[in-house]
Amino acid sequence: MQYNRVLITAALPYANGPLHVGHLAGCYIPSDIYARYQRAQKREVAFIGGSDEHGVPITIRAMKESITPQEVVDRYHTQIKESFEQLGISFDIYSRTSSPVHHETAADFFKKLYDDGLFEEKESEQYYDEEKQTFLADRYIIGTCPICSNPNAYGDQCEKCGTSLSPEQLIEPRSALSNNPPVKKMTKHWYFPLNQYEPWLKEWVLEEHKEWKNNVYGQCKSWLDSGLYPRAMTRDSKWGVPVPLPGAEGKVLYVWFDAPIGYISATKELTENWADYWCKDDTKLVHFIGKDNIVFHCIIFPAMLKAHGGFVLPDNVPANEFLNLEGDKVSTSRNWAVWIHEYLKEFEGCEDVLRYYLTAIAPETKDSDFTWKGFQDANNSELVAIFGNFVNRCMVLMHKLCGGKVPPIHPELLDNEDTIIFEEIKKTKQIVEDAIEQYKFREAQFAVIDLARKGNQYLQKREPWKAANLLKEGGETAINAQKLIDNVMHIALQLSANLAIFINPFLPKTAKKMLHLFKVVDKMLEWENAGKEKLLSVGYSLREPELLFRKIEDSEIEAQVAKLQESAKAYAAAQALLNPPAEEVVPEVTVAPVKEEIVFDDFAKIDLRVGTIVTAEKVQKADKLLKLSVDLGFETRTIVSGIALHFNPEDIIGKQVVVVVNLAPRKMRGIESQGMILMAEDSSGKLHFVNPETAINTGAGVN
RNA sequence: GGCGAGGUAGCUCAGCUGGUUAGAGCAUCGGAUUCAUAACCCGAAGGUCGGCAGUUCAAGUCUGCUCCUCGCUACCA
C-alpha cells in the first residue's frame, strides 16, 4: 500500500495533573520522532494532540477545590501544552476536548450511530450521591476494606492490600464527594454492540495486522478470544459532551467514546482538508499510546469508526509499556514522579537530554526504569563524550588547522579508511530509516550515536593534530601534511553535517544548534540529504565552536534524588496520619443507618428457611465465590456465595444457614445461584453465618 | 481467578525458523593519547540466559509445571 499522507496521533493526556516522564516516554517522544522523521521525508503529515478534559476525576477535583471543572482543565491544559512546546513536541495542533468543535463532532458521531439504530438502551442500578445529586463511579465510593481494614479503600480496589473490591464489600461505604452513604438508583444508558463487530475485528486485527507489536497483538487476541460485549457509551454526569438526544439530560458521552473522536475534531480545527486525512484510503493512521490504552485504540475505537463508516482505520498502534522511576511505579498521588514543568526549569537548555535519555530507555518491549544516575551517564558519556565531543573536535580542529573554513578534498590521497566513513554514513541512513519505520526508536537513535563514535575513531586513527607538527617543516612534507589534514577534516565535517540530519528527529534543538555552527539553513535537514558527501561547501567559513551539551554534575543528580526521597518521606508521613498502624486503632464500631421503614407485608414477601450445606467447592476462575449445595428439606439447591475469602469449603459442610429461598435466580460465573445465604458482618469486615442456636430440621421457616 | 506482555552481564537492551567459546552500549578495571567538555581511542573482566522437569545428537531459542514484575479483565452477602 502506497501512502500519500501520514496521520499521527498521540494519546490525549488527561488534564487532571501535570505531565511526567512516563507520559513522555510512553507516547509523546516516540510520536514526535516519527512525525519529525516523516516531515523530513517531505511526506504530508498531521501530528495531532490535545488534552482529554472530561470524565469524573476532573469533576471530583473541581468539587474538592471549589472551582469549576473548566477551571481545572484550563489550568492543566495550559501547563501541559507549554511543557510540550518547550520540549519540542511538534504537534501540528494541540487541541482539547472541551472545545466547541469537539463537542459538535463527538455529538454528531454519536447521533449518527444512534440514527442508524445501533445503540441498545438498558436500565441498571447505580450508586448515587443524593446530596450532590450525582451518580458515583466505583472509584468514588470510599469505605473500610473488608480484608485489611484500611479505612480509605476505594470501591474498585483497596490500595493498601491490593484486593480488588466492589462497592458492596466496603464497610460503611461513603461517597467521596459528600461522605454520605450512597444509595442505589435506576438509570438508563446507551450501549454500543461491540459484539456485532467481533467477526470483523478478528479478521482485521488477527489476520491483517500480524505485524503489530507483541504486546498489542497479544492483548487484542485475548480480548477477541474471550468474546466482546455491548459497552455503555454514556454516563451520568454534568461534565462532558451531552448526549444529543431528547430526554437525556444529565447524561454525557463516556470519556472513552469522546476522547478518540478528539483526534478527529482536532484535525478539523487544524485544517479544512481534515477529511483527506481521515477519510481517504491512502492515509497512514498511526496511534501512539501507552499499554493501558490498547483495547480502546485497537478494538473499541476502530469498531466505532467502522460502525460510523467512511473513516480510515489505524495502520499501526505502537503501544509502549510503562516507565518506572528509580525502581518504583510512577505515582501522582505519592508524588513519585519527575514532573516535566519542573525539569524544564531545573535543567534549562537540557530539553534534548531528556528526549535522548527517554528514547534510550524507551519501554518499547517491556517496562523500563528511569534513574537519575542513568540520566547523568547517558548525558555525560554519550551525548557529551561521544556526540558533542566529536562535533566539537571537528570544529576546533578545523579552526586550528584549516583556517575556519571547510577544507578542499584531495581525491588522489583518499584511501580505504576514508571511503569506509562514507559507507558508514549511508549504512546509518538505512538503519535509522528502517528502525523508525518499524517504530524502533531506541535502535535508530543508537545508530546515530554509533556513527558519531565511528567519527571519533576516524579522527583517532588519522591524528590530524600530529600531521600539524609537520607543517612547520615546510616544503613537500608540509604540503602533503596539509592535504592530509584537509581530507580528514573535510570528511569529519561532512560526517558532522550528516549527524545533524540524523539526530534531528530525536534532538531537534541540537540539530538546530549544529545548523547554526555550520551556517546553513533548515533545508539541509531534509532526509534526502542524508548520506550525501558534500553537504558543506568547500571554502565556506564556519562559526566558532560552541558546545552542544554541558556536563551534568553529581550535585545536580544528588539534588534530584534527594527531592524524590523527600516526597516519598512526605507521603509516608501523610499516610501514617491517615492510617495509624493497625494495633493502635481501636476499631470504632459504628452502625449503619437504619433503612427506610417498611410495612409487614414487605417483610412477609421474603421467604427465609433454614438449610444445611451439603457440598461446597470453589468456583473456577473466581476469587471470592463458593458454589454450595444447600439442603432445604423440600429440595436441594445450588447457591453461589461470595464468601470464599472467609471460609474454606471443607469447613462449612454440614453447617446450618438461613437462606432467602424466593430470591430471583441469578447467574454468577455461569452458575445459576438459586437463593442467598444470610451473613452478618462484624466491624472488621469478617463474615459470620446466621443460623439457629442449635441444629434444627432443615426447611424450617424463619420469621 | 482468567488472559496478555516480559524476566538474558551492575544498568539499558540484541539474540531470525534450536547448532561452534551467548552479543552491543553504558558503568567498572587496565593501557595509550592530548585536537577535544579529565573528553576521545585501545584492551580486559563481567552472565549456570528466573527456577524445575522434559523433547533432541544439540535449547536462551521447543513442551509442561513453577516463581517474580507490569498491564487488561471477571465474579462479589
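Convention: sequence-line order gives letters A, B, ...; per-chain numbering from 1.
- Residue contacts for A:Lys329: at a heavy-atom cut-off of 4.0 Å it reaches the sugar-phosphate backbone alone, with no base atom in range.
- Rounded to whole Å, atom C1' of B:rA74 lies 16 Å from atom CG of A:Asp225.
- The CZ-C1' distance, from A:Arg453 to B:rC42, rounds to 14 Å in whole Å.
- Taking atom CZ of residue A:Phe322 and atom P of nucleotide B:rG71, one finds them 6 Å apart after rounding to whole Å.
- Remark: the separation of the C1' atoms in B:rG43 and B:rG7 is 32 Å, to the nearest Å.
- In this structure, A:Arg442 does not reach the B:rG25 phosphate: none of its side-chain N or O atoms is under 4.0 Å from OP1 or OP2.
- B:rC49 and B:rU21 are spaced 15 Å apart, taking the P atom of each and rounding to whole Å.
- Residue A:Pro363 is the one, among A:Lys291 and A:Pro363, whose nearest nucleotide of RNA chain B lies closer to the 5' end (criterion: closest heavy atom).
- Looking only at side-chain heavy atoms (C-beta outward), A:Leu542 and A:Leu493 come within less than 4.5 Å of each other.
- Along RNA chain B, the nucleotide nearest to A:Asn324 and the one nearest to A:Ser368 differ in position, and the one closer to the 5' end is contacted by A:Ser368.
- Pair assignment for B:rG46: none, as no Watson-Crick or G-U wobble contacts are both less than 3.5 Å.
- By the 30° and 60° cut-offs, the orientation of the rings of A:Trp212 relative to A:Trp204 is perpendicular.
- Between B:rG15 and B:rC57, the two P atoms lie 29 Å apart (nearest whole Å).
- For A:Lys373, the salt bridge (Lys or Arg N to Asp or Glu O under 4.0 Å) partners at least two apart in sequence or on another chain are A:Asp377.
- Spacing of P atoms, B:rA38 relative to B:rU48, comes out at 38 Å, to the nearest Å.
- As rounded to whole Å, 16 Å separates atom C1' of B:rC70 from atom CD1 of A:Ile361.
- B:rU17 is unpaired under the criterion used here, namely a Watson-Crick or G-U wobble arrangement in which both key atom distances are under 3.5 Å.
- Here A:Thr365 lies in heavy-atom contact (under 4.0 Å) with sugar-phosphate atoms only.
- Closest contact between the side chain of A:Phe446 and the listed nucleotides B:rC41, B:rG4, B:rA24 involves B:rA24.
- Between A:Phe387 and A:Leu548, some side-chain heavy-atom pair lies under the 4.5 Å cut-off.
- To the nearest whole angstrom, the two C1' atoms, one in B:rU20 and one in B:rA32, are 34 Å apart.
- A straight line from CD of A:Glu443 to P of B:rU12 spans 19 Å, rounded to a whole angstrom.
- Protein atom NZ of A:Lys454 is 11 Å distant from nucleotide atom P of B:rC42, rounded to whole Å.
- Residues satisfying the side-chain contact (heavy atoms from CB on, under 4.5 Å) criterion with A:Glu553, sequence neighbours excluded, are A:Lys551, A:Ser555, A:Glu556.
- A:Asp450 places its CG atom 14 Å from the C1' atom of B:rC13, with the value rounded to the nearest Å.
- Nucleotides B:rA14 and B:rG60 place their C1' atoms 12 Å apart, quoted to the nearest Å.
- Pairing for B:rA9 is absent, judged as Watson-Crick or G-U wobble with the two contacts each under 3.5 Å.
- Summarising the geometry, the separation between CG on A:Leu228 and C1' on B:rC3 is reported as 14 Å, rounded to the nearest angstrom.
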Using atom types as modelled, flag every donor-acceptor pair under 3.5 Å from a side chain in residues 292-304 of chain A to any protein atom, sequence neighbours excluded.
residue  : atom : partner  : partner atom : Å
A:His297 : ND1  : A:Asn293 : O            : 3.3
A:His297 : NE2  : A:Tyr263 : OH           : 2.7

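- With a 3.5 Å ceiling on both atom-pair distances, the Watson-Crick or G-U wobble partner of B:rG71 is B:rC3.
- Residues passing the side-chain contact (heavy atoms from CB on, under 4.5 Å) test with A:Ala444, sequence neighbours excluded: A:Val432, A:Ala435, A:Ile436, A:Phe506.
- Distance noted for atom P between B:rU63 and B:rG4: 13 Å (whole Å).
- The partner of B:rG54 is B:rC62, judged by Watson-Crick or G-U wobble contacts that both fall below 3.5 Å.
- With values rounded to the nearest 0.5 angstrom, A:Asn379 atom CG is found 7.5 Å from A:Arg550 atom CZ.
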Checklist entry - For nucleotides 27-39 of chain B, read 5' to 3', which letter fits each nucleotide if B means a protein heavy atom sits under 4.0 Å from the base, S means only the sugar-phosphate is that close, and - means neither? => result S------SBBB-S

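- By the side-chain hydrogen bond (donor to acceptor under 3.5 Å, both in side chains) test, A:Glu437 pairs with A:Tyr37, A:Arg43, sequence neighbours left out.
- At the phosphate of B:rG71, neither OP1 nor OP2 sits under 4.0 Å from any side-chain N or O atom of A:Asn215.
- For B:rC26 and B:rA9, the C1' atoms lie 12 Å apart once the distance is rounded to whole Å.
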